[in-house]
Amino acid sequence: MREHEGAPLPSSFYLRDAALVARDLLGAVLQHEDVAGTLSGRIVETEAYLGPHDPASHSVVGRTARTWHMFGPPGTAYVYFIYGMHWCVNAVTGAEGVGSAVLIRALTPLSGLEVMRQRRGTARRLSSLCDGPGKLCAALGITRAHDGLLLTGSSSLTILAGTPVPDDEVLIGPRVGISKAVDWPLRFRVRSPHASGDQRVTR
DNA sequence: ACGCGGATGGCCT
DNA sequence: GGCCATCCGCGTA
């Protein structure tokens, strides 16, 4: 069941403003070639982090060991550890050295549902497998091992072109979970994911 | 349906 | 020492 897979999105896709990339990543497919099999999902929620001038961005602190790959070339995976328990994955945008990225916040599961369910615990609804940045990394097995990999097709973690989402299906609002620049409208989500059973992307 | 707080660890002041 | 780009379970309604 990989009917939505296309070619990997190229570096040029990411070499743009983070807000544009965040908008256009809706509908694309995040795919991990895991030892347990191919795990993938359609991106239905993203947030843009613009760079050191964005008070909510990790890149405000400059290029430290943690934020190192956020300053990498466009199309790099920036994976960080948060709250002592969770991993979150970003796609780096803009030119190398800029420090902007798009956080992937939710997926509609496409492939590898059994493995995802095992990793996310028993008796969970399909819609709760990947509806959060920490949840989707747990489901797809994304960890520090993926920090700095290229998402453009040369590694086990790739973003593939998918079904484009028309403007009237895109909701834009403030980012969540932050304490600075709380009203900047940089969160993008799909109003109605066409994969069945996935209401409630409201997070 | 909500709101709240505990878990848990790396990193910066 | 305190702050996190979070998640889950438990409380009250």
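Within every chain, numbering begins at 1; the chains are lettered A, B, ... in the order of the sequence lines, protein sequences first and strands thereafter.
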Visitor: List every contact pair, protein side and nucleotides 11-13 of chain B side both N or O, where the distance is under 3.5 Å.
Guide:
residue: B:dC12; atom: OP1; partner: A:Thr64; partner atom: OG1; Å: 3.1

Visitor: Which nucleotide, C:dC8, C:dT6, B:dG9, lies nearest any side-chain atom of A:Arg105?
Guide: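 Per side-chain heavy atoms of A:Arg105, the pick is C:dT6.
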Visitor: Sequence neighbours excluded and cut-off under 3.5 Å, please list the side-chain donor-acceptor pairs for residues 77-87 of chain A, or say none.
Guide:
residue: A:Tyr78; atom: OH; partner: A:His58; partner atom: ND1; Å: 2.8

Visitor: For DNA chain C, please output the secondary structure as dot-bracket, reading 5' to 3'. Pairs are Watson-Crick or G-U wobble, both atom distances under 3.5 Å; mark crossing pairs with [ ], other-strand partners with |, unpaired with a dot.
Guide: ||||.|||||||.
Visitor: Is it the case that A:Thr67 and A:Ser59 place a side-chain donor and acceptor less than 3.5 Å from each other?
Guide: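 Checked: A:Thr67/A:Ser59 side chains show no N/O donor-acceptor pair below 3.5 Å.
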Visitor: Decide, applying a 5.5 Å centre-distance limit and a 30° plane-angle limit (both strict), whether A:Tyr49 stacks on C:dA5.
Guide: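 Here A:Tyr49 meets both the 5.5 Å and the 30° conditions.
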Visitor: Which residues within residues 67-74 of chain A lie with some heavy atom under 4.0 Å of an atom in DNA chain C?
Guide: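 Output list: A:Met70.
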Visitor: Tabulate protein N/O versus nucleotide N/O from nucleotides 1-3 of chain C, keeping only pairs under 3.5 Å, one per line.
Guide:
none

Visitor: Starting at atom CD1 of A:Ile82, determine the distance to atom P of B:dG10, rounded to an integer number of angstrom.
Guide: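 To the nearest whole Å, that distance equals 12 Å.
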Visitor: Scan residues 84-92 of chain A against DNA chain B and write down, sorted by residue number, each residue with any heavy atom closer than 4.0 Å; if none is found, say none.
Guide: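 Heavy-atom contacts with DNA chain B come from A:Gly84, A:Met85.
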Visitor: Ignoring hydrogens and angles, state whether a donor on the side chain of A:Arg66 or A:Thr64 is under 3.5 Å from an acceptor on the partner side chain.
Guide: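 Side chains of A:Arg66 and A:Thr64: no pair found under 3.5 Å.
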Visitor: State which of C:dA5, C:dC8, C:dC7 makes the closest approach to the side chain of A:Ile178.
Guide: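 Nucleotide nearest to A:Ile178's side chain: C:dA5.
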Visitor: In this structure, how many angstroms lie between the C1' atom of B:dG10 and the NE2 atom of A:His58, rounded?
Guide: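 Between C1' of B:dG10 and NE2 of A:His58: 12 Å.
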Visitor: Is it the case that the side chain of A:His146 and the backbone of A:Gly141 share a donor-acceptor pair, with hydrogens and angles ignored and the cut-off at 3.5 Å?
Guide: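 Yes: the side chain of A:His146 pairs with the backbone of A:Gly141.
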Visitor: Heavy atoms from C-beta onward define the side chain here; which of C:dA5, C:dC7, C:dC4 lies closest to that of A:Tyr83?
Guide: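 Of all the options, the side chain of A:Tyr83 is nearest to C:dC4.
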Visitor: Ignoring hydrogens, what is the shortest heavy-atom contact between A:Leu50 and A:Ala18? Give both atom names and the distance.
Guide: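 For A:Leu50 and A:Ala18, the tightest heavy-atom pair comes out as CD2-CB, 4.1 Å.
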Visitor: What I want to find out is whether A:Arg23 reaches A:Asp167 closely enough, with some N-O distance under 4.0 Å, to be called a salt bridge.
Guide: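 Looking at A:Arg23 and A:Asp167, the cut-off is met.
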Visitor: May I ask you to say what A:Leu103 touches in the nucleic acid, namely base, sugar-phosphate or nothing, with a heavy-atom cut-off under 4.0 Å?
Guide: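 Base contact.
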Visitor: Please state how far atom CZ in A:Phe81 lies from atom P in B:dA7, giving the value in whole angstrom units.
Guide: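 That distance rounds to 16 Å.
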